Amino acid sequence: MAQLSLRVVWPSSPLHNPARRHHLSSPAPPFLSLMPRLLVARSELLRTSPVSVEEEKRALEAVVVKESAMAGSGVFTHIVDENQVFKYYAEGEWKKSASGKTVSIVNPTTRKTQYNVQACTQEEVNKVMEAAKAAQRQWARTPLWKRAELLHKAAEILKENKDPIAECLVKEIAKPAKDAVTEVVRSGDLLSYTAEEGVRILGEGKLLLSDSFPGNERNKYCLSSKIPLGIVLAIPPFNYPVNLAVSKIGPALIAGNSLVLKPPTQGSVAALHMVHCFHLAGFPKGLISCITGKGSEIGDFMTMHPGVNCISFTGGDTGIAISKKAGMIPLQMELGGKDACIVLEDADLDLVATNIVQGGYSYSGQRCTAVKVVLIMESVADEFVEKVNAKMAKLSVGTPEENCDITPVISESSANFIEGLVMDAKEKGATFCQEYKREGNLIWPLLLDHVRANMRIAWEEPFGPVLPVIRIRSVKEAIHHCNASNFGLQGSVFTKDINKAITIGDAIESGTIQINSAPARGPDHFPFQGLKDSGIGSQGIVNSINMMTKIKSLVINLPSPSYTMG
Ligand code: G3H
């Protein structure tokens, strides 16, 4: 599907202001390298003859189609219908929903409809579940090495098609172009690693002998191994619609499960492209499906569906509601955080400032592991704020196509929510280190100093480029603040004293504590888990594979005890 909106610039957009792009040192991803050619094509058209807007559009589309694989074109042609609506994937085929309805996806930058996807029905969900069940029975009988081989193939195809998929991420979720490509490549690597871990973890079982338990002789041999759960329902969030889908799909499939994906609305089109890479790899029909649609119509229906044997969800507090409604099935949930960075007097403040800016503002703070509050010792707070401000002044603000550091947040309602937190802090006396500025969904990065516990931003997750600083007088105060939070995803301690770092790290009720670095989920094979309202269970490749299996035992009962060499 060739679209004019690939162009970097929207001349009429308030965002189009090259002055805002302070630095663009990294090379543009290949799909952006089309830009000069497109702009040349446009200027040539304008030079040769006065053309209508429609003629210009068609000519530009021709250039695009000829020169690059784009979203919905090339190998992805089959995933979109004649009206440019993306189809859903079921029973190994790309289909249009019988509902005849679509869901529109708004581009956060232009705030206009970018894509449309199918609004699937409950009946279609039922069919997907039936097909998934049948496919899973066969898949569980497929040798492990073959499952791994297919995952490697999907990883390869995914990476080959990083550009069109990244293009969707840029347009649907305003992810900076370079980060969008990284997300796809990271996902391919994750899949390959999952295939490799899978053959090791699942290729081993356990032998237990009965005479280790009091009162028993050695007459029972227990052979236990891991078997699949059945159908895994994967629900990833908008901020990583590819990577956090693949981190669920890979473990589910290698373990012999089938997989039903419900992508986030914004991020659906990237997810559909990613799913097509599995289709091209040759996975059996029905084993993977991708259902798009309105949460109000199919959300609860899917999460409460009797066919589902496991739910892996990443997102907000919707996960709490899902966990209350889901039946007696394993749940893997990651529901966000309010990750604190504790900075002690002896910390390397340059290292801290680099990590705070990277950790607090990358992808405009829309990461569950973003730094969400800084707790800094009063004696070094002024110097810290000065260093952070200097780095923030270098952040580029603008469009994801331009690869800016700060891009529009996901939606207008999200921008309004962030603004609400900022205004609440202002009314209650926080110091703004920069002027608060917003245009549409684009919010300029802001550091709020002298934040206090009575401000909402001290506790709530903005999911935006605004970061509160709370000045503390003791370590005890910092630990108290962290542990008073409902969240417990990650946290950081910056100090040169490893003994203090370990003691503080142990005292904080969070799934992971980083020492001298900002929070982060990756590398993707590390365990990743939230305590309290941040989640249930642990992710990371090995943990996800284990979570998506159950243990089955065979006990060999001998008529009389048998001892080695005996
Ligand atoms: O948004 C939640 C993600 O799990 C964070 O992942 O630390 O790689 O950005 P990340």
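Computation of the quantities below employed the complete heavy-atom set of this structure, encompassing side-chain atoms and omitting hydrogens, waters and symmetry-equivalent molecules. Each ligand, and each atom within it, is numbered from 1 in the order the structure gives. Predicted model, so just to flag it, every value in this text is computed and none were measured.
A donor-acceptor contact shorter than 3.5 Å is absent between the side chain of Asp524 and the backbone of Leu190. Looking at Lys500, its side chain never comes within 3.5 Å of a backbone N or O of Val493 through a donor-acceptor pair.
Scanning for ring-ring contact (aromatic ring centres under 6.0 Å, His included) contacts around Tyr193 gives His525, with sequence neighbours left out. Looking at residues two or more places apart in sequence or on another chain, you find no ring-ring contact (aromatic ring centres under 6.0 Å, His included) involving Phe432.
A distance limit of 4.0 angstrom between heavy atoms and ligand 1 selects the residues Arg186, Asn239, Tyr240, Leu244, Glu334, Arg367, Cys368, Thr369, Ala520, Arg521, Phe528.
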Counting only pairs under 3.5 Å, give me each side-chain donor-acceptor contact of residues 310-321, with atom names and distances, residues two or more places apart or in other chains.
residue : atom : partner : partner atom : Å
Ser312  : OG   : Lys248  : NZ           : 3.2
Ser312  : OG   : Gln332  : OE1          : 2.6
Thr314  : OG1  : Lys248  : NZ           : 2.7

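Judged purely by distance below 3.5 Å, without hydrogens or angles, the side chains of Glu172 and Asn107 never pair a donor atom with an acceptor atom.
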